[in-house]
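Before any comments, here is the structure.
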2 protein chains.
Amino acid sequence: MMARVARRQPEACRAWELLTRLFFAQRGQLPSLAGELDLSPVQCHVLHLMQPDQPIPMGRLAETLACDASNVTGLVDRLESRGLIVRRASADDRRVKVIVLTPTGARLRAELHQRLAAPPDPFQRLSEAEQRTLVRILERLLG
Amino acid sequence: MMARVARRQPEACRAWELLTRLFFAQRGQLPSLAGELDLSPVQCHVLHLMQPDQPIPMGRLAETLACDASNVTGLVDRLESRGLIVRRASADDRRVKVIVLTPTGARLRAELHQRLAAPPDPFQRLSEAEQRTLVRILERLLG
DNA sequence: TATTGTTATACTCTATAACTATA
DNA sequence: TATAGTTATAGAGTATAACAATA
């Protein structure tokens, strides 16, 4: 399967290789950005995912983070003890707990998004046409 | 500074936002890939960085991973105890220790690179022309 | 004196297994 | 019986501070 993709889409593989290099380079930058907000990388991930007024079941959080559910308990504990989110019982299924951003959490999330929004310096090497093309292709990739 | 970039390069910001979404989505996939090779995400990062026959000073590893030097000690301990790398004293400066891939480590690194090479399914939605364009732009971004 | 790597310590992240409450 | 979340436990990642060897 992988070999078939590699044979039939050599350019896709090259693109993916370059993106992987970007991912690993970025891995090192998230901890320092997180540190400035007194967050861990995973906590950033959670805040990045949460939309204001859009509760998320804890189980779905575990799926999205690709980690065990037991892990989410402590993660949510720490975010809740900092007043960034709150647990609420689900109305539909009393086993389920959902988490919601507090106003404080929403403000910190906005701050996080603002800091994440600044493109790294190398982007300035791209022409406007290249930037637009990149956006169009990434939108197809993520859409 | 950030505001200036945002005002002058709105498309760069949009492109970066989309890449950030890709990064966070990918964050969840690295642990499972790592698990298949009995590695942690950081250990994958180290192996991804190491070229065969190209020693890296431990201090430079700490810089690249953007973590404290004290952290690298345990990280290298665990990789060394698994026989994937070895420490060697530097000839130039006897304070410095460099790490080198063992043959076993080089094989595991090759396996890792092979698995990382498979592009996610959405890449098949792109035409060949789009793939080539994406490669060209990413090369400028990373070059 | 300054720097490289280590050690001691403490906290967070992570998984596994056993448990509780609900379905 | 099965599922959602918790707890207990253990190992790995991370930073800070103090330390040894070397520059």
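Excluded from the calculations below are hydrogen atoms, water molecules and symmetry mates; all remaining heavy atoms, backbone and side chain alike, are included.
Among all heavy-atom pairs drawn from A:Ala117 and B:Cys13, the shortest one is O-SG, 3.9 Å.
A residue-by-residue look at A:Arg94 and A:Gly74 shows that A:Gly74 has its nearest nucleotide of DNA chain C further toward the 5' end.
The base of C:dT3 sits within donor-acceptor range of the side chain of B:Arg95, with an N or O pair under 3.5 Å.
Base contact: A:Thr73 has a heavy atom under 4.0 Å from a base atom.
Taking atom CZ of A:Arg27 as the reference point, atom C1' of C:dC13 lies 12 Å away to the nearest angstrom. One interatomic measurement links the two molecules: CG of B:Asp38 to C1' of C:dT14, which rounds to 14 Å at whole-angstrom precision. C:dT14 atom P lies 15 Å from atom CD of B:Gln43, rounded to whole Å. Atoms CD1 (B:Ile85) and P (C:dG5) sit 13 Å apart, rounded to a whole Å. If you take CG of B:Leu75 and P of C:dT4, they are 18 Å apart, rounded to a whole angstrom. When rounded to the nearest whole Å, the span between CZ of B:Arg78 and C1' of C:dT6 equals 14 Å. Per the geometry, CG belonging to A:Asp92 stands 16 Å off P belonging to C:dT22, to the nearest Å.
Every residue two or more places apart in sequence or in another chain that forms a side-chain hydrogen bond (donor to acceptor under 3.5 Å, both in side chains) with A:Ser70 is listed here: A:Asp68. For B:Arg125, there are no side-chain hydrogen bond (donor to acceptor under 3.5 Å, both in side chains) partners, not counting sequence neighbours.
With a heavy-atom cut-off of 4.0 Å to chain B, the contacted part of DNA chain D has its first and last nucleotide at D:dA12 to D:dA23.
The stretch residues 47-70 of chain B comes close to DNA chain C through B:Met58, B:Gly59, B:Ala69, B:Ser70, each having a heavy atom under 4.0 Å from the strand.
Aromatic ring pairs are classed by plane angle as parallel below 30°, tilted from 30° to 60° and perpendicular above 60°; the pair A:Phe23 and A:Trp16 is perpendicular.
The side chain of A:Asn71 places an N or O atom within less than 4.0 Å of a non-bridging phosphate oxygen (OP1 or OP2) of C:dA15.
Between the side chain of A:Glu128 and the backbone N or O of B:Glu11, no donor-acceptor pair lies under 3.5 Å. Formation of a donor-acceptor pair under 3.5 Å by the A:Gln43 side chain with backbone atoms of A:Leu79 is not found in this model. In terms of modelled atom types and a separation under 3.5 Å, the side chain of A:Gln131 and the main chain of B:Ala15 share no donor-acceptor contact.
Rounded to 10 degrees, the angle separating the terminal helix axes of the helix from C:dT1-D:dA23 to C:dA23-D:dT1, each built from five base pairs, is 0°.
Under the 4.5 Å side-chain heavy-atom criterion for grouping Ile, Leu, Val, Met, Phe, Trp and Tyr, A:Val86 is not connected to A:Ile56 through any hydrophobic cluster. A:Leu116 and B:Leu22 are members of different hydrophobic clusters when ILVMFWY side chains are connected at heavy-atom separations under 4.5 Å.
Evaluated for a side chain to side chain contact (heavy atoms under 4.5 Å, CB included) with A:Leu18, the options B:Ile137, B:Val135, B:Leu141 yield exactly one hit, B:Val135.
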May I have the list of side-chain donor-acceptor pairs in residues 97-111 of chain B shorter than 3.5 Å, sequence neighbours left out?
{"residue": "B:Thr102", "atom": "OG1", "partner": "B:Gly83", "partner atom": "O", "Å": "2.6"}
{"residue": "B:Thr102", "atom": "OG1", "partner": "B:Leu84", "partner atom": "O", "Å": "3.1"}
{"residue": "B:Thr102", "atom": "OG1", "partner": "B:Thr104", "partner atom": "N", "Å": "3.4"}
{"residue": "B:Thr102", "atom": "OG1", "partner": "B:Gly105", "partner atom": "N", "Å": "2.9"}
{"residue": "B:Arg109", "atom": "NE", "partner": "B:Leu47", "partner atom": "O", "Å": "3.1"}
{"residue": "B:Arg109", "atom": "NE", "partner": "B:Met50", "partner atom": "O", "Å": "2.3"}
{"residue": "B:Arg109", "atom": "NH2", "partner": "B:Met50", "partner atom": "O", "Å": "3.3"}
{"residue": "B:Glu111", "atom": "OE2", "partner": "B:Arg115", "partner atom": "NE", "Å": "2.8"}
{"residue": "B:Glu111", "atom": "OE2", "partner": "B:Arg115", "partner atom": "NH2", "Å": "3.0"}

